[in-house]
2 protein chains.
Amino acid sequence: MPRKVTSTSTRDRIVEIARELFAEHGYTGTTIADIARGLGTTTAALYYHFDSKAEILDAILAEPMAAYADMAERATHGRLPPEEILGGYVDFVAETRHVLPLVTADPRIHTVLDERLPRRPQEMVDAIVATLAGPRPSRAALIRAHAAFAVVKEATVAALGSDDELSRADRREIVAAALRALRKG
Amino acid sequence: MPRKVTSTSTRDRIVEIARELFAEHGYTGTTIADIARGLGTTTAALYYHFDSKAEILDAILAEPMAAYADMAERATHGRLPPEEILGGYVDFVAETRHVLPLVTADPRIHTVLDERLPRRPQEMVDAIVATLAGPRPSRAALIRAHAAFAVVKEATVAALGSDDELSRADRREIVAAALRALRKG
DNA sequence: GTCTATATTGTGATAGAC
DNA sequence: GTCTATCACAATATAGAC
């Protein structure tokens, strides 16, 4: 990874502070002044490091978005068994847990996502669910696929709580519950 | 229900238009001018019917919030079997589908909710999940309860799609999937 | 790299005529 | 009940000194 020699610590601190504030108050609900206060400086200082508020958001989302696109691609075109698709989503949620609430929380962020991702998030979710449901799924099978997807998405967040890592036992329990939701009988 | 004799149709139209705009762009992301434009009038006209933007939000949320508090109360203190708790939540989601995305979408709305509800939403969710998990639950049982709750919440939204009502078959399928997620083996 | 000061725009809300 | 006009304020962003 090419890394600038000059210290990027101030820039990184801005991203970190903005991430927390965005997650708590939303993107629109957080002002540049809020971020500057968290950093201990003024808004003008921020604009030395970033050209706009939206650019800070970009810096926060770039990596998670790439990870999301990767995960979705593997899930839909990797010919993986359901448990690996579901497990992969659990891992993705656990890895990006700090930005996930942000993304779902503010409608204005959808614009950014639509511009940067290969496909729109809703399409990617639909593709994953369709893969889980299998070819020519019945309506009931589609509902079960949505159910399984809901489990890996929400139960992972719940299990993480305020922790940073997910235990193996928790991961197993979540994937097992999702598989039961997916499969009848 | 006491109902004013004078027509409330303009007021109702405002609420309806605001509901749609809030759901799509979020509360903060929607301006009074946006609502006025949708109504075909000016911002000043709006202020004849409502004293503030927040009051419009109140009008939208009042009924769903009461329904939510009811549902949560029955779920936690009604000594109901899990399938009735889960089914009750499915019905609640189906009934309030037009405002639900709004509530989860904008962090600023949390303030309104905290003020009007008997308990904070997160506490109410935790109480329902705890009831589903049973007395002295293991960590695994708690995760399964979260999983079941996720299913009724998300799969119902998915099944509804753009429809207004949920078929009996869909409802059965969702509750069954949630129960499988809840119960091991 | 950070500051003070300020330009600029958007938004919630009000005044007063009709 | 709705209008035109406008206020007050907050928020993004910039200018220029240090």
Side-chain angles (χ1 to χ4, degrees), chain A residues 3-61 102 105-112 115, chain B residues 3-61 102 105-113 115-116:
Chain A
R3 196 109 166 90
K4 284 212 208 80
V5 177
T6 60
S7 168
T8 56
S9 77
T10 302
R11 198 187 146 97
D12 289 349
R13 276 183 64 215
I14 293 170
V15 170
E16 186 53 37
I17 290 165
R19 194 205 322 276
E20 288 168 20
L21 291 174
F22 286 170
E24 188 174 350
H25 308 289
Y27 176 71
T28 324
T30 302
T31 70
I32 301 277
D34 291 335
I35 303 172
R37 197 175 320 114
L39 190 69
T41 59
T42 64
T43 68
L46 277 189
Y47 279 91
Y48 174 82
H49 299 279
F50 290 93
D51 283 345
S52 71
K53 185 184 173 184
E55 212 173 85
I56 301 178
L57 180 63
D58 280 350
I60 294 173
L61 293 184
L102 164 62
D106 204 309
R108 193 156 302 192
I109 291 188
H110 296 346
T111 315
V112 178
E115 285 169 5
Chain B
R3 194 109 167 91
K4 283 212 209 79
V5 178
T6 61
S7 167
T8 56
S9 78
T10 301
R11 197 188 145 96
D12 289 349
R13 277 183 64 218
I14 293 171
V15 170
E16 186 53 37
I17 290 165
R19 194 207 319 279
E20 289 168 19
L21 291 174
F22 288 170
E24 189 175 349
H25 308 289
Y27 177 71
T28 325
T30 302
T31 69
I32 302 277
D34 291 334
I35 302 172
R37 196 176 319 117
L39 190 70
T41 61
T42 63
T43 68
L46 277 189
Y47 279 91
Y48 173 81
H49 299 279
F50 290 93
D51 284 344
S52 70
K53 186 184 175 185
E55 214 174 84
I56 301 178
L57 180 63
D58 280 350
I60 295 174
L61 293 185
L102 164 62
D106 204 308
R108 193 156 301 191
I109 292 188
H110 296 346
T111 314
V112 178
L113 296 177
E115 284 169 6
R116 308 292 160 113

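The sequence lines fix the lettering, A, B, ..., with proteins before strands; numbering per chain opens at 1.
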(request) Send over the distance from I32(A) CD1 to dT8(C) C1', rounded to a whole Å. (result) 15 Å
(message) Can you tell me which nucleotide in dA13(C), dT2(D), dT4(D) comes closest to the side chain of T10(B)?
(response) dT2(D)
(message) In whole Å, I'd like the distance from the CD1 atom of I56(A) to the C1' atom of dA11(D).
(response) 13 Å
(request) May I have the distance from Y47(B) (atom OH) to dA17(C) (atom C1'), rounded to whole angstrom? (result) 20 Å
(message) Nearest to the A45(A) side chain among dT2(C), dT2(D), dA5(C), which nucleotide is it?
(response) dT2(C)
(request) Grab the CZ-P distance between F22(A) and dA11(D) for me, whole Å please. (result) 13 Å
(request) Establish, yes or no, whether the cationic atom of K53(B) lies under 6.0 Å from the six-membered ring centre of Y47(B) and within 45° of the ring axis. (result) no
(message) Applying the side-chain contact (heavy atoms from CB on, under 4.5 Å) criterion to I35(A), which one of V15(A), T30(A), T41(A), T43(A) satisfies it?
(response) T30(A)
(request) Output yes when at least one side-chain N/O atom of T42(B) is less than 4.0 Å from OP1 or OP2 of dC3(D), else no. (result) yes
(request) Describe the nucleic acid contact of T28(A) in one word from base, sugar-phosphate, nothing, applying a heavy-atom distance below 4.0 Å. (result) nothing
(request) Please report the C-alpha distance between L21(B) and T31(B) in whole Å, then the side-chain angles of each, then the deciding distance to 0.1 Å, and finally whether the side chain to side chain contact (heavy atoms under 4.5 Å, CB included) criterion is met. (result) CA-CA 9 Å; L21(B) 291 174; T31(B) 69; over 6 Å; no
(message) Can you identify which nucleotide, out of dA5(D), dG12(C), dA15(D), has its nearest atom closest to the A44(B) side chain?
(response) dA5(D)
(message) How many whole angstroms separate atom CZ of R37(A) from atom C1' of dA10(D)?
(response) 12 Å
(request) Report the residue (T43(A) or H49(A)) whose heavy-atom-nearest nucleotide on DNA chain C is the more 5′ of the two. (result) H49(A)
(message) Nearest whole Å is fine: how far is dT2(C) C1' from R11(A) CZ?
(response) 17 Å
(message) Tell me the interatomic distance from D51(A), atom CG, to dA15(D), atom P, rounded to whole angstroms.
(response) 12 Å
(message) Between Y48(B) and dT2(D), is there a contact of a side-chain N or O with OP1 or OP2 at under 4.0 Å?
(response) no
(request) Consider the side chain of T41(B), meaning its heavy atoms from C-beta on, and name the nucleotide among dG1(C), dC3(D), dT12(D) that approaches it most closely. (result) dC3(D)
(message) If you compare all heavy atoms of V112(B) against all heavy atoms of L57(B), which two are closest, and at what distance to 0.1 Å?
(response) CG2-CD2, 3.6 Å
(request) Answer yes or no: is there an ion pair linking E16(B) with R13(B), defined by an N-O contact shorter than 4.0 Å? (result) no
(message) If I take atom CZ in residue F50(B) and atom C1' in nucleotide dG1(D), what distance separates them, rounded to the nearest angstrom?
(response) 14 Å
